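Here's the structure, in structure tokens; my notes come after.
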Amino acid sequence: MSTRPNAADLAIGDLLVERSLLTSQQLEEALDLCKRWQIRIGDVLLARNWVRPYSYYRTLASKFEVPFIDLTKEPADPTLLDAADEPECARRLTIPWRQRNGRLVVVTAEPGPETFLFAREKFGPNIDLAVTSKFDVIWHLQAAFRDLHSEQAVYELARTRPDLSAQRVLTEPQIVVLWLLGSALLIGLAFAPVATIIAFLYFMTFFYLGNFVFKAYLVWIGSRTDKPQDQDIEALARQLTVDDLPVYTILVPMFREPEVLPILA
């Protein structure tokens, strides 16, 4: 179900038009996409490449009357980042930046009352908000927790679901079976080499024949159409809402990124 753009989206859109960074037609289309895609106007404008990120976030900072901080020139203090806070900070695009005059400056790509309340609860009452870009927040979090992310990517599945992980190649029963088969083959080669080789060739022939038959069976099963079942699945799919769908991260290598990315998005 679509939602109407909030007051902040309308205000930032009008401010961009007022500063000649966006046309009225682009604003109308962006607001329509906000309702259809259920995302913030900034994500639409940046995905469409209608506004430069630097210009958008500086305008966003002036709308909320807070400073704009370029993290590429003034990076965050890494000692203020806590690994336990990383998932929530990444989700809210908000990180602690630096201490100034006894107060903690927190930078965010999504300023607003909810972000301010989150920052007060997470970092204490003595905070000041500032605006930075979404890319800068994500880049700093990835740089600060690169080792943690690498360790999770390599070993998390092995810890949580070892039965699905390729880290353990063979189970103990499989090792025992392979050892018995290897021992039987060596004994056969030692005492009856010709008969053993013939038996081995027969085994491999039936193995590959069975594998071929099994694949053919799978293709046959997959090609069968069950229209009532397909219609049921289609009906259930139409009942799903955006919140029911999983979130995917897609890595797409692109050529001429500025031209291709808006089309892809």
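Please read these numbers as outputs of a predicted model, since none were measured by experiment.
Listed by chain and number, the residues in a side chain to side chain contact (heavy atoms under 4.5 Å, CB included) with L164 are L157, R161 (sequence neighbours excluded). With sequence neighbours excluded, no residue satisfies side-chain hydrogen bond (donor to acceptor under 3.5 Å, both in side chains) with R98. For R91, the side-chain hydrogen bond (donor to acceptor under 3.5 Å, both in side chains) test picks out no residue, with sequence neighbours left out. Taking the side chain to side chain contact (heavy atoms under 4.5 Å, CB included) definition, one finds that E114 meets it with nothing, sequence neighbours left out. Legend: residues meeting side chain to side chain contact (heavy atoms under 4.5 Å, CB included) with E156, ordered by chain and number and at least two apart, are Q152, R159, T160. Remark: A184 engages no residue in a side chain to side chain contact (heavy atoms under 4.5 Å, CB included) (not counting sequence neighbours). In terms of the side-chain hydrogen bond (donor to acceptor under 3.5 Å, both in side chains) criterion, Q99 has no residue partners (sequence neighbours excluded). Qualifying side-chain hydrogen bond (donor to acceptor under 3.5 Å, both in side chains) partners for D147, counting only residues two or more places apart in sequence or in other chains: none.
The nearest pair of heavy atoms linking A83 to L148 is CB-CD2, 4.1 Å. Counting all heavy atoms, side chain and backbone alike, R19 lies closest to S62 at NH2-OG, 3.0 Å. Closest approach of L46 and P53 over heavy atoms only: CD2-CA, 3.7 Å.
Every pair passing ring-ring contact (aromatic ring centres under 6.0 Å, His included) that includes a residue from residues 54-100 is listed here, sequence neighbours excluded: Y54-F68.
V131 and I95 are not part of a single hydrophobic cluster, where members link through side-chain heavy atoms under 4.5 Å apart. Linking ILVMFWY side-chain heavy atoms closer than 4.5 Å, directly or via other members, places V51 and L10 in a single hydrophobic cluster. Residues I175 and V169 share a single hydrophobic cluster, defined by chaining ILVMFWY side chains whose heavy atoms lie under 4.5 Å apart. Neither L15 nor I41 shares a network with the other; the hydrophobic side chains, linked directly or stepwise wherever heavy atoms of I, L, V, M, F, W or Y lie under 4.5 Å apart, form separate groups for each. L129 and L60 fall into different hydrophobic clusters, where Ile, Leu, Val, Met, Phe, Trp and Tyr residues are linked whenever their side-chain heavy atoms come under 4.5 Å apart, directly or through other members.
To the nearest 0.5 Å, atom OG of residue S55 and atom CG of residue L22 are 11.5 Å apart. The structure places OH of Y155 at 10.5 Å from OG of S150, a figure rounded to the nearest 0.5 Å. Rounding to the nearest 0.5 Å gives a distance of 10.5 Å between CG of D82 and CD of E86. Between the OG atom of S133 and the CD1 atom of I138 there is a distance of 8.5 Å, given to the nearest 0.5 Å. In this structure, L45 CG and I12 CD1 are separated by 9.0 Å, a value rounded to the nearest 0.5 Å. Separating the CG atom in D43 from the CZ atom in R40 is a distance of 8.0 Å, to the nearest 0.5 Å.
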Please output the side-chain donor-acceptor pairs of residues 69-81 that fall under 3.5 Å, not counting sequence neighbours, one pair per line with the distance.
residue	atom	partner	partner atom	Å
D70	OD1	T72	N	3.1
D70	OD1	T72	OG1	2.5
D70	OD2	T72	OG1	3.3
D77	OD1	T79	N	3.1
D77	OD1	T79	OG1	2.7
D77	OD2	T79	OG1	3.0

Please list, one pair per line, the donor and acceptor atoms closer than 3.5 Å that link side chains of residues 192-219 to other protein atoms, with sequence neighbours excluded.
residue	atom	partner	partner atom	Å
T196	OG1	G188	O	2.9
T196	OG1	A192	O	2.6
T205	OG1	L201	O	2.8

Show me, pair by pair, the donor-acceptor contacts under 3.5 angstrom made by side chains of residues 101-113, not counting sequence neighbours?
residue	atom	partner	partner atom	Å
R103	NE	D128	OD1	3.1
R103	NE	D128	OD2	3.1
R103	NH2	I127	O	2.7
R103	NH2	D128	OD1	3.2
T108	OG1	L93	O	3.3
T108	OG1	T94	OG1	2.9
T108	OG1	E110	N	3.0

- request: Go through the steps for L236 and L240 under the test side-chain contact (heavy atoms from CB on, under 4.5 Å), then give the verdict.
  value: CA-CA 7 Å; L236 291 174; L240 293 175; over 6 Å; no
- request: List the steps and the verdict of side-chain contact (heavy atoms from CB on, under 4.5 Å) for R146 and Q142.
  value: CA-CA 5 Å; R146 181 183 295 109; Q142 290 178 344; over 6 Å; no
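Q25 CD: 12 or fewer foreign heavy atoms inside a 6.0 Å radius.
Side chains of Q167 and V154 form no contact here, defined as non-hydrogen atoms less than 4.5 Å apart. Considering only heavy atoms from C-beta on, D85 comes within 4.5 Å of K122 through its side chain. Contact check for V177 versus L181: side-chain heavy atoms found under the 4.5 Å cut-off.
A donor-acceptor distance shorter than 3.5 angstrom exists from the side chain of Q26 to the backbone of T23, with no hydrogens or angles considered. Between the side chain of D14 and the backbone N or O of A11, no donor-acceptor pair lies under 3.5 Å.
Ionic pairing of R168 and D163 is not present here: no N-O contact between side-chain nitrogen and carboxylate oxygen is shorter than 4.0 angstrom.
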